[in-house]
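Chain naming here is simple, since letters A, B, ... match the order of the sequence lines and numbering starts at 1 in each. Values reported hereafter were calculated over all heavy atoms of this structure, with side chains retained and with hydrogens, waters and symmetry mates removed.
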Number of protein chains: 2
Amino acid sequence: MAIQDNRIKIAFVDDHPLITQGLKTLLERDDQLDIVGLFDNGASFLEFIVGHEVDVVLLDIGLPDINGMELCKQIKTENPGVVIILLSNHTERSIILQTMQNGANGYLLKNASLPKLKEAIFKAIAGQIVYSEEVSQILSQPSQKQLQGIPKLTKREMEILQFIAEGKTSGQIAAELYLSVLTVDTHRKNLMQKLEVKNAAELIRAAVQHQLLS
Amino acid sequence: MAIQDNRIKIAFVDDHPLITQGLKTLLERDDQLDIVGLFDNGASFLEFIVGHEVDVVLLDIGLPDINGMELCKQIKTENPGVVIILLSNHTERSIILQTMQNGANGYLLKNASLPKLKEAIFKAIAGQIVYSEEVSQILSQPSQKQLQGIPKLTKREMEILQFIAEGKTSGQIAAELYLSVLTVDTHRKNLMQKLEVKNAAELIRAAVQHQLLS
DNA sequence: TTATTTCTACCTAGTTTTAGGTATTTTGGG
DNA sequence: CCCAAAATACCTAAAACTAGGTAGAAATAA
């Protein structure tokens, strides 16, 4: 143990002890892997990582103190070189996408086999983003929800939508575009009608969902 | 030509003729691949796909008539089985993520080598999501922009934020939560202060950027 | 060159939000 | 038990938004 080794240093963060213990035992058999820590909450891991070197974090989403996706983001911010693989049971597309948004290097479902997990670890270290088959499948199918009823906005409406999203009032928008406030209000009304919403707040939410905002 | 074959049927949609022509020539040399069409705009491809079988679409983002991401979504909706690989020069993280959101099976930069492209095609058909190295690199680094200044919201504030995003008025929220309207307004104010925005519309946009909304 | 859409602008009046505070009561940790 | 944070509630007045129209000019597509 006193010898310096170049095994892959792995940490688990998962509040399900059966999972972590089991995985630890299984992975430890591989002499390329070194399990450097098990954590059942995000805070203790964040403390740990300050003083210790970690190559790969296997992360669950459902942690008691902090959301796994949020934790992923934090780890990456402090420690960009660390490879983070989500190990989760969640199959919701939006959750998977959100982990990607937070810089995760991979997403596996917990039913993944041991060889698959090892393969994923090695691939991720090599720079790849890794998904298990089911996850790839889920990702490759855009959610129907956001697809239906794509309202067509005119150029002007898009422009004004942008301004609204930036928190500008009708008056400010009118001034910037050399329009009457009344005109801007008309566009506002039409936007809300097209997206079938009741006010500006809901308008922005709908616009985001339809990817109408940069 | 009259013989039925099981080569992979590939279509290009890219308005840069040099790219498509060159790639066509290169890929045609592989007798597992069958280039069934070149298109320089989205509309003509959408017509084509109605009557023809296509296994893989190589898609550019900058098309004259329709945004490539939008096209991706449409193709997938009509034709879920088709594999779509984006071939693009865009390295912005948000763009890559958006293509993923739209169900793309892969994203390669145009500087990818021919072997890499072929490999990507085969992997994607096998069900994997494929990224080129640079893309993986970009994805694994969360954008700093959205990370700074994560304001902590209280439980109640989160709750009310949700309602605001749903287009509810302070009155409606108050009624649902058995609160005074004045209280809801106070929470509103605090929310806007914490996220440093001027009104409800901007509040929702900021909340989305900080991933505070489901 | 029509026909249609888009953009522009207006009216009225009610509703809602926002800004600037203050202040009491719960709640949750330590 | 005590303290800090959170949640509740209030006041006033201005500003902004929303709903329900109508309608002429300008741009675009057929």
Side-chain angles (χ1 to χ4, degrees), chain A residues 41-44 47 64-66 149-207 210 212-213, chain B residues 41-44 46-47 64-66 149-207 212-213:
Chain A
N41 66 82
S44 59
E47 279 178 41
D65 57 341
I66 185 176
I150 323 102
K152 277 173 227 140
L153 302 190
T154 69
K155 218 182 309 167
R156 205 47 145 181
E157 283 166 350
M158 281 293 240
E159 200 172 1
I160 285 172
L161 177 60
Q162 281 291 343
F163 281 121
I164 295 173
E166 288 166 17
K168 306 235 166 98
T169 68
S170 293
Q172 291 171 320
I173 298 171
E176 286 202 47
L177 298 178
Y178 303 105
L179 292 176
S180 156
V181 177
L182 299 162
T183 303
V184 176
D185 279 338
T186 300
H187 286 305
R188 262 190 129 97
K189 263 189 294 193
N190 294 337
L191 279 165
M192 292 197 289
Q193 204 162 52
K194 283 189 180 179
L195 298 201
E196 298 175 327
V197 298
K198 297 176 289 302
N199 56 38
E202 198 184 0
L203 174 68
I204 299 306
R205 176 164 137 287
H210 289 288
L212 298 171
L213 288 171
Chain B
N41 66 81
S44 59
L46 284 173
E47 278 179 43
D65 56 343
I66 184 176
I150 323 104
K152 277 173 226 141
L153 302 190
T154 70
K155 218 183 308 166
R156 204 48 145 179
E157 284 166 350
M158 281 293 239
E159 200 171 1
I160 285 172
L161 178 59
Q162 281 291 342
F163 282 121
I164 296 173
E166 288 166 17
K168 306 233 166 100
T169 67
S170 294
Q172 291 172 318
I173 298 170
E176 286 202 48
L177 298 179
Y178 304 104
L179 292 176
S180 156
V181 177
L182 300 162
T183 304
V184 176
D185 280 338
T186 301
H187 286 305
R188 261 189 130 97
K189 264 188 294 192
N190 293 337
L191 278 165
M192 293 196 287
Q193 203 162 51
K194 283 189 180 179
L195 299 201
E196 298 174 325
V197 298
K198 297 177 290 300
N199 55 37
E202 198 184 0
L203 175 68
I204 299 307
R205 176 163 136 288
L212 298 170
L213 289 171

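- Partners of A:R156 under the salt bridge (charged side-chain N to carboxylate O under 4.0 Å, His left out) rule, at least two apart in sequence or in another chain, are A:E159.
- A donor-acceptor pair is defined here as one N or O able to donate and one able to accept, closer than 3.5 Å; such a pair exists between the side chain of B:Q172 and the backbone of B:T169.
- What separates CG of A:L182 from C1' of C:dC7 is a distance of 14 Å, to the nearest Å.
- By the side-chain hydrogen bond (donor to acceptor under 3.5 Å, both in side chains) test, B:S180 is found to be paired with no residue, residues two or more places apart in sequence or in another chain being considered.
- Residues from residues 183-206 of chain A that place a heavy atom under 4.0 Å from any atom of DNA chain C, listed by number: A:T183, A:T186, A:H187.
- Atom CD1 of B:I164 sits about 5.0 Å away from atom CD1 of B:I173, to the nearest 0.5 Å.
- The side-chain contact (heavy atoms from CB on, under 4.5 Å) check on A:L213 picks up A:L161, A:Q162, A:A165, A:I204, A:A207, A:V208, with sequence neighbours excluded.
- Counting only residues at least two apart or on different chains, the salt bridge (Lys or Arg N to Asp or Glu O under 4.0 Å) pairs with a member in residues 176-188 of chain A are A:K168-A:E176.
- When rounded to the nearest whole Å, the span between CD of B:E157 and C1' of D:dA5 equals 11 Å.
- Checked against side-chain hydrogen bond (donor to acceptor under 3.5 Å, both in side chains), B:K198 has the following partners two or more places apart in sequence or in another chain: B:E202.
- A close approach under 4.0 Å does not occur between any side-chain nitrogen or oxygen of B:T154 and OP1 or OP2 of D:dA5.
- Here the closest heavy-atom approach between residue B:G171 and residue B:V181 is recorded as CA-CG2, 4.1 Å.
- Interface residues of residues 159-175 of chain A facing DNA chain D, ordered by number: A:T169, A:S170; criterion, heavy-atom separation under 4.0 Å.
- When the C1' atoms of four end pairs are superposed on the next four at each end of the helix from C:dT1-D:dA30 to C:dG30-D:dC1, using five pairs per end, the two resulting axes differ in direction by 80°, to 10°.
- A:M158 CE to A:H187 NE2: the interatomic distance, rounded to the nearest 0.5 Å, is 14.0 Å.
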Show me the protein contacts with nucleotides 24-30 of chain C, counting only N or O atoms at under 3.5 Å.
none

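- Scored by the side-chain hydrogen bond (donor to acceptor under 3.5 Å, both in side chains) test, A:K194 finds A:E157 as partners (sequence neighbours excluded).
- Going from atom CG of B:L179 over to atom C1' of D:dC10 covers 14 Å, rounded to whole Å.
- For A:A43, the side-chain contact (heavy atoms from CB on, under 4.5 Å) partners two or more places apart in sequence, or in a different chain, are A:N41, A:D65.
- To the nearest 0.5 Å, atom CG of residue A:L195 and atom CG of residue A:L212 are 6.5 Å apart.
- Interatomic distance, B:L46 CG to B:I66 CD1, rounded to the nearest 0.5 Å: 6.5 Å.
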